[in-house]
Student: 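Just dropping this structure here.
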Amino acid sequence: MGAFHLTIGPLLLGLSLNLYLYGIVSYQYLSYATMEFDDPMWLQVLVSLLFVLDTSQTVSELYGVWFFAVENYANPSVLSDIIWVTLFCGLATVASTLVVQTFLINRLYRFTRQFWFCVFLFLAAFAASICALVDCIMAWLLGDITKFAILIPLNTAWLCIEAGVDIIITAVLCKALWQSRTGLARTDTVINRCVRAAI
């Protein structure tokens with residue numbers, strides 16, 4: 001195993017996956033932007049801002065790979081440094097996740113009318129965002145990746161809560177949509193598409 005298999009290798013794999021997902025998001029955004037919907041202006045602006053945020057995050061990740069793999073090639077001491085990309089990507093993830101989860105929880109409330117359940121989900125999403133924010137700031141203040149072991153519990157809490165909220169939102173939205181089926185083929189086709197999009 002080479003010297004960079006556990007450092008630059010995962011960074012390149014993660015960037016490759018992110019670029020693939022960014023391609024899907026770009027297609028979805030362009031489809032949304034070119035079709036005529038009756039969405040309110042605030043929703044159109046929100047979707048555009050999320051796309052700009054995702055684009056800037058992807059570009060900064062590209063720079064991070066360039067910084068480690070090209071500018072500092074064969075300089076393994078730089079791999080323990082924290083650069084601005086680390087903080088920016090973490091904060092961008094926090095912002096976009098909280099906005100999207102809040103939007104989906106709002107949709108969930110419209111379908112189910114379960115106020116306290118949706119409040120619980122929002123508080124869980126907000127708690128995950130606070131964990132993520134503290135994690136990002138502490139990582140930046142530590143400044144050295146070799147000291148990150150103390151962040152593992154906070155990072156685990158952030159990711160587990162966030163994944164749990166995503167799974168619950170998806171499951172409840174799918175159930176609510178599935179129960180909205182009418183038996184009419186055309187309507188059920190639209191509902192099936194919404195279920196696939198929720199997943």
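Everything numeric in this text was worked out from a predicted model, so none of it was measured. Note that these values count all heavy atoms, side chains included, but never hydrogens, waters or copies made by symmetry.
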Student: Is V85 reachable from W66 through a run of hydrophobic residues whose side-chain heavy atoms are each under 4.5 Å from the next?
Tutor: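 Result: no, two separate clusters.
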Student: So L17 and L13, side-chain contact (heavy atoms from CB on, under 4.5 Å) or not? Walk me through it.
Tutor: CA-CA 6 Å; L17 177 62; L13 288 175; over 6 Å; no
Student: Could you measure the distance from the CG atom of N155 to the CE atom of M138? Nearest 0.5 Å is fine.
Tutor: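 Separation between the atoms: 11.0 Å.
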Student: Just wondering, do L43 and P40 contact through their side chains at under 4.5 Å, heavy atoms?
Tutor: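 In short, these two side chains touch, coming nearer than 4.5 Å.
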Student: Which pair of non-hydrogen atoms, one from S96 and one from T93, has the smallest distance, and what is that distance?
Tutor: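 Nearest pair, atom of S96 first, then T93: OG-O, 3.4 Å.
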Student: Out of S60, C136, S56, which one pairs with C89 under the side chain to side chain contact (heavy atoms under 4.5 Å, CB included) rule?
Tutor: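 Exactly one option meets the side chain to side chain contact (heavy atoms under 4.5 Å, CB included) with C89, and it is S60.
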Student: Between L108 and F117, does a side-chain contact (heavy atoms from CB on, under 4.5 Å) hold up when you go through it step by step?
Tutor: CA-CA 10 Å; L108 188 65; F117 178 69; 4.0 Å; yes
Student: Take D54 and Y29 through the side chain to side chain donor-acceptor pair (under 3.5 Å) test and state the conclusion after the steps.
Tutor: CA-CA 11 Å; D54 194 32; Y29 174 73; over 6 Å; no
Student: Hey, are the side chains of W84 and Y63 touching, using non-hydrogen atoms and a 4.5 Å cut-off?
Tutor: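 In short, these two side chains touch, coming nearer than 4.5 Å.
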Student: So do L50 and V25 actually touch side chain to side chain, heavy atoms under 4.5 Å?
Tutor: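 No; the side chains remain at least 4.5 Å from each other.
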Student: Shortest non-hydrogen contact from I161 to A128?
Tutor: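 In this case the closest contact between I161 and A128 is CG2-CB, 3.6 Å.
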Student: What is the distance from atom CG of L104 to atom CD1 of I168, rounded to the nearest 0.5 Å?
Tutor: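 If we round to the nearest 0.5 Å, L104:CG and I168:CD1 are 13.5 Å apart.
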Student: Checking side-chain contact (heavy atoms from CB on, under 4.5 Å) for the pair L142/L151: CA distance, chi angles, key distance, verdict?
Tutor: CA-CA 10 Å; L142 288 173; L151 297 178; 4.0 Å; yes
Student: Are L87 and L98 linked, directly or through other ILVMFWY residues, by side chains that come within less than 4.5 angstrom of each other?
Tutor: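 In one cluster: yes.
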Student: Quick one: does Y22's side chain get under 4.5 Å of T55's, heavy atoms only?
Tutor: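 Y22 reaches T55 side chain to side chain.
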Student: Between Y109 and R113, is there a cation-pi geometry (under 6.0 Å to ring centre, at most 45° from the normal)?
Tutor: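 Yes, a cation-pi geometry holds between R113 and Y109.
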Student: Would you check, one step at a time, whether the test side-chain contact (heavy atoms from CB on, under 4.5 Å) holds for I83 with F68?
Tutor: CA-CA 10 Å; I83 60 173; F68 289 116; 3.9 Å; yes
Student: Between T97 and V94, is there a donor-acceptor pair closer than 3.5 Å when you use the side chain of the first and the backbone of the second?
Tutor: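 Such a contact is absent between T97 side chain and V94 backbone.
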Student: Just by modelled atom types, is the D39 backbone N or O under 3.5 Å from a matching donor or acceptor in the Q44 side chain?
Tutor: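 At least one qualifying donor-acceptor pair exists.
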Student: Rounded to the nearest 0.5 Å, what separation is found between the CG atom of L123 and the CH2 atom of W116?
Tutor: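 Here the rounded value is 9.5 Å.
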Student: Work out which heavy atom in E61 is nearest to a heavy atom in L15; give both atom names and the distance.
Tutor: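 Looking at all heavy atoms of both residues, the closest pair is CB-CD1, 3.9 Å.
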Student: Flag yes if more than 12 heavy atoms outside F148 fall under 6.0 Å of its CZ atom; otherwise flag no.
Tutor: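 Result for CZ/F148: enclosed.
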Student: Tell me whether L133 shares a hydrophobic cluster with W158, the cluster being built from Ile, Leu, Val, Met, Phe, Trp, Tyr side chains joined at under 4.5 Å.
Tutor: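 Per the 4.5 Å side-chain linkage, L133 and W158 are not co-clustered.
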Student: Are L62 and V70 connected in a single hydrophobic cluster, I mean Ile/Leu/Val/Met/Phe/Trp/Tyr linked by side-chain heavy atoms less than 4.5 Å apart?
Tutor: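 The answer is no; the residues belong to distinct hydrophobic clusters.
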Student: Looking only at non-hydrogen atoms, find the nearest pair between Q101 and E162 and report the distance.
Tutor: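 Smallest heavy-atom distance, with atoms named: NE2-O, 3.5 Å.
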Student: Is a side-chain donor or acceptor of D135 paired with a backbone partner of L154 at a separation under 3.5 angstrom?
Tutor: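 Such a contact is absent between D135 side chain and L154 backbone.
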Student: Which heavy atom in C118 sits nearest to a heavy atom in T112, and how many Å separate them?
Tutor: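 Scanning both residues, the minimum pair turns out to be SG-OG1, 4.4 Å.
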Student: Membership question, hydrophobic clusters at under 4.5 Å side-chain separation (ILVMFWY): are L53 and L49 in the same one?
Tutor: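 In one cluster with L49: L53, no.
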